[in-house]
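Okay, structure first, notes after.
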Amino acid sequence: MRYAQGGGLTPQGQAARERVRMLAADGFARGEKHTVIAKRLRVSVRSVERWHRSWRDGGQGALRISGPAKRPKVDDHDFAVLEPLLLEGAVAWGWSDERWTLARVRLLIADQLGVSMSIRGVWELLRRHGWSCRQPARRAVERDDAAVAGWVKETWPQAKPPRRRSGHGWSSRTKPPSR
């Protein structure tokens with residue numbers, strides 16, 4: 001994606017790019033050559049030419065940030081409706097376990113808000129609102145943590161092989177040293 005369309009730049013990055021374009025506009029007003037402006041601002045000549053066309057057609061306003069390329073499909077108001085539904089849990093919405101997968105959230109958004117989103121869009125939406133990815137711990141229901149801790153302390157040290165001695169040796173375990 002080209003940076004003029006957002007390009008993944010942060011608002012600070014977009015503001016920095018706008019300052020560079022405004023410096024170029026000052027050079028256009030003074031009648032400087034494109035190559036001189038490009039060298040001074042450390043950008044390509046093609047960018048300067050593109051900015052000059054925009055500046056010539058629309059003035060400095062044409063070089064300003066126009067905002068994000070498009071507004072999100074699910075805005076903050078819609079997410080305020082969606083979040084309590086997510087907090088109810090996946091079982092409340094008919095799934096057999098409590099895992100909210102991106103595909104399940106996508107179906108919930110389509111069902112409740114009437115908006116079709118991609119899996120990537122769902123992930124960006126959740127991340128933008130502070131949700132994170134968590135993997136459930138896979139442990140047996142019958143697991144006895146005290147018994148596991150005792151085994152690790154008592155049985156494992158006896159079962160594991162002894163450490164190798166430090167000192168001179170050779171790289172091959174099957175062939176003794178030749179000299």
Side-chain angles (χ1 to χ4, degrees), residues 1-21 42-44 47 65-179:
M1 182 184 317
R2 293 169 38 197
Y3 80 84
Q5 298 166 342
L9 292 177
T10 63
Q12 295 83 10
Q14 288 178 344
R17 293 302 292 175
E18 181 178 337
R19 281 192 297 278
V20 170
R21 290 192 300 270
R42 300 168 107 182
V43 295
S44 69
S47 292
I65 297 173
S66 61
K70 67 180 193 181
R71 63 183 274 292
K73 287 184 175 183
V74 178
D75 59 7
D76 292 339
H77 175 72
D78 292 335
F79 193 79
V81 172
L82 181 67
E83 193 166 27
L85 304 178
L86 291 171
L87 292 173
E88 287 178 15
V91 172
W93 290 96
W95 283 288
S96 60
D97 59 3
E98 280 296 333
R99 288 181 301 141
W100 274 120
T101 63
L102 294 175
R104 289 177 179 182
V105 175
R106 178 182 180 208
L107 289 173
L108 183 68
I109 291 170
D111 183 47
Q112 296 299 312
L113 302 177
V115 176
S116 175
M117 294 183 72
S118 67
I119 295 291
R120 168 94 189 218
V122 171
W123 169 240
E124 294 293 330
L125 171 72
L126 293 175
R127 200 178 69 193
R128 190 169 56 240
H129 287 91
W131 287 65
S132 63
C133 176
R134 294 188 185 101
Q135 292 289 337
R138 294 182 181 242
R139 294 198 174 128
V141 176
E142 306 86 15
R143 178 182 166 122
D144 181 9
D145 288 329
V148 170
W151 184 88
V152 168
K153 270 187 170 178
E154 297 165 12
T155 309
W156 175 243
Q158 297 167 0
K160 71 179 180 182
R163 293 180 56 195
R164 290 178 52 193
R165 288 181 292 143
S166 62
H168 299 297
W170 56 89
S171 60
S172 174
R173 293 179 182 257
T174 57
K175 183 177 175 186
S178 59
R179 294 185 185 173

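Numbers for residues simply follow the sequence, beginning at 1.
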CA sep, side-chain torsions, deciding dist, call: Val105, Leu125, side chain to side chain contact (heavy atoms under 4.5 Å, CB included): CA-CA 10 Å; Val105 175; Leu125 171 72; 5.9 Å; no
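Within the structure, side chain to side chain donor-acceptor pair (under 3.5 Å) contacts touching residues 145-154 (residues at least two apart or in different chains) are Arg143-Asp145. Contacts classified as side chain to side chain donor-acceptor pair (under 3.5 Å) and involving residues 111-121 (residues at least two apart or in different chains) are given here: Arg120-Glu124.
Residue Phe79 holds its CZ atom at 9.0 Å from CZ of Arg128, rounded to the nearest 0.5 Å. The CG atom of Leu87 sits 9.5 Å away from atom CG of Leu82, with the distance rounded to the nearest 0.5 Å.
Summarising the geometry of Arg99 relative to Ala90, their closest heavy-atom pair is O-CB, 3.7 Å, with the distance given to 0.1 Å. Of all heavy-atom pairs between Ala92 and Glu88, the closest is CB-O, 3.9 Å. The shortest heavy-atom contact between Val152 and Pro157 is O-CD, 3.3 Å.
Annotation: side chain of Leu126 is in contact with side chain of Leu86 (closest heavy-atom distance under 4.5 Å). Here the side chains of Val20 and Arg42 are not in contact, with every heavy-atom distance at 4.5 Å or above. Put simply, the side chain of Arg21 reaches to within 4.5 Å of the side chain of Ile65, judged on heavy atoms.
A search for ring pair (Phe, Tyr, Trp, His ring centres under 6.0 Å) contacts involving Trp95 returns Trp100, not counting sequence neighbours.
Of the possible donor and acceptor atoms, one in the side chain of Trp93 sits under 3.5 Å from a partner among the backbone N and O of Leu85.
The only member of Ile109, Leu108, Val74, Thr101 that meets side chain to side chain contact (heavy atoms under 4.5 Å, CB included) when paired with Val122 is Ile109.
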